[in-house]
There are 2 protein chains.
Amino acid sequence: MVVRKPRLGPDDWTAAALTAIGEQGLTGVAVEPLSTRLGTTKGSFYWHFANRDALLEAALSSWDETYTDAILRTVDAEPGPVARLRALFVAVTASERAPVEVHLHAAADHPAVAPAMRRAVARRTAYIAAQLTALGFDQAEADRRALFAYATYLGHIQLVVRIPEAVPTGAALEAYLDTVLAAVLGTQDQTGTGASSSAAAAGRASDSSANSASSNRSSLSP
Amino acid sequence: MVVRKPRLGPDDWTAAALTAIGEQGLTGVAVEPLSTRLGTTKGSFYWHFANRDALLEAALSSWDETYTDAILRTVDAEPGPVARLRALFVAVTASERAPVEVHLHAAADHPAVAPAMRRAVARRTAYIAAQLTALGFDQAEADRRALFAYATYLGHIQLVVRIPEAVPTGAALEAYLDTVLAAVLGTQDQTGTGASSSAAAAGRASDSSANSASSNRSSLSP
DNA sequence: GTCTCTCCATACGGTTCCGTATGGAGGTGA
DNA sequence: TCACCTCCATACGGAACCGTATGGAGAGAC
């Protein structure tokens, strides 16, 4: 019986490239190894793509959609800022997304990767900051805390991928997430920035009653 | 006039390797490029080292001493836990150490790098946790917060190196550091872990009066 | 001076990848 | 059926490395 050899399209290559990034980082995006893996040859690849960089661009574009757009859409359906932030934290930590994220951030010196990372960081921190301003923090404090949260996220997934034994699991991870979320939302009585403690307290108080405007949905495109 | 050609020793190669790691990561540790850079040839290298991995090991060993031992010794001379933590934060963020740290963490999947990173993470988080227990936090809470702090550090230096425009500078960086330090030291009234708020308050109160034992110096080797 | 040991230069083969050239195999429309 | 168009296989040249082999150049011991 002859094995059916389904013909490949560009999407097959970009998907394989993203998988390879998750496993080996940018060096995994190599034409000849990917060819072997897909059971085909370089001839196929260079029919669909001009060169390796073109494949990388396509993979990064796909990453944009899957790893930022999609998740922010999902999280934004939650009923309030605190619920959105919590859902975001849970979604991005407990998953198989981490390896791709870590490897891509680690390759941000590559000229094709750098702009993609800049876009992602800007959009993600802006989204977090928007939730925080909705809770009453002024813009500067919201930006500061959003960056703080994002840095913690970055370090966390890095530890998960590189030194997994250093990161707690199960209930301990839950407690850890509570610690982080409380730190991001919590009041701060040391600096004189004037983040209203009432807003922070309201944020901690409940997940379902912290809407600040008429819409139940925050803006997604800053 | 003839240019003096000083003969090289192993240390010259390891220093060059560390510099290359800071600039290009592990791929910078390549024999032929390093040879060109040092104005010599491969023949010199393979006299001093068995192979590329041997050079990498030597560079990692040097990194251990410079980037963990030395800095913890310096910081530990500060008068109290809070001062130590603050000095640690300042030392590790505002410096040229970041690129090497980031590139090495990014290469923690390499079999030679992985154990070095595990050692470093373990020692550093243990040191932070020791300061926190000295402030009255119980071990579990101290471990949690130490990991939290280390994750934030990791993410921060990564942003500094990869997306520098996302990170504040000058006074804004100071405020940002205050935010982080307050989050690590601050009280936390949400989970029921029982970290005594008085200890946290004492930690916030002053830098010079928080010694918990007779010695002015905390233990360095957990 | 010359012996010897340390250190380096040069040349070579091997591996892994990129990109090109070129010749088909197999389906599709007229 | 037959020309054509899409897709893939194979072969080749080149670049950037790693590691080995071997022949010196220089400096100190005597």
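All figures in this text were calculated on a predicted structure; none of them were measured in a lab. First the proteins, then the strands, lettered A, B, ... as listed; each starts at 1.
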Rounded distance in Å - [atom1] ([X]) to [atom2] ([N]):
X: B/Leu26; N: D/dC17; atom1: CG; atom2: P; value: 14 Å
X: B/Phe45; N: C/dT10; atom1: CZ; atom2: P; value: 19 Å
X: B/Trp13; N: C/dC7; atom1: CH2; atom2: P; value: 13 Å
X: A/Trp47; N: C/dG24; atom1: CH2; atom2: C1'; value: 13 Å
X: A/Leu55; N: C/dG19; atom1: CG; atom2: P; value: 11 Å
X: B/Lys42; N: D/dA16; atom1: NZ; atom2: P; value: 14 Å
X: A/Leu56; N: C/dC18; atom1: CG; atom2: P; value: 12 Å
X: A/Asp12; N: D/dT6; atom1: CG; atom2: C1'; value: 15 Å

Report task. Specify the residue among A/Glu32 and B/Thr41 whose closest nucleotide of DNA chain C lies further upstream toward the 5′ end. Result ->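 Result of the comparison: B/Thr41.
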Query raised in the report: Between D/dC8 and A/His48, is there an OP1 or OP2 to side-chain N/O distance shorter than 4.0 Å?
Result: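 Answer yes for this pair, as a side-chain N or O of A/His48 is under 4.0 Å from OP1 or OP2.
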Query - A/Ser44 vs D/dA9: side-chain N/O to OP1/OP2 distance below 4.0 Å - result: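 Negative; the distance criterion is not met.
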Requested in this report: Indicate yes or no: does B/Glu65 engage B/Arg73 in a salt bridge with an N to O separation below 4.0 Å.
Outcome: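 The answer is yes: the pair qualifies as a salt bridge.
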Report task. Taking side chain to side chain donor-acceptor pair (under 3.5 Å) as the test, write out the residues that go with A/Asp143, two or more places apart. Result ->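 By the side chain to side chain donor-acceptor pair (under 3.5 Å) rule, A/Asp143 matches A/Gln139.
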Query raised in the report: Taking the inter-plane angle between the rings of A/Tyr153 and A/Tyr150 on a 0 to 90° scale, is it parallel (under 30°), tilted (30 to 60°) or perpendicular (over 60°)?
Result: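 Geometry flag for A/Tyr150 against A/Tyr153: tilted rings.
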Query raised in the report: Which heavy-atom pair separates B/Ala16 from B/Arg37 by the least distance, and what is that distance?
Result: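 For B/Ala16 and B/Arg37, the tightest heavy-atom pair comes out as O-NH2, 4.3 Å.
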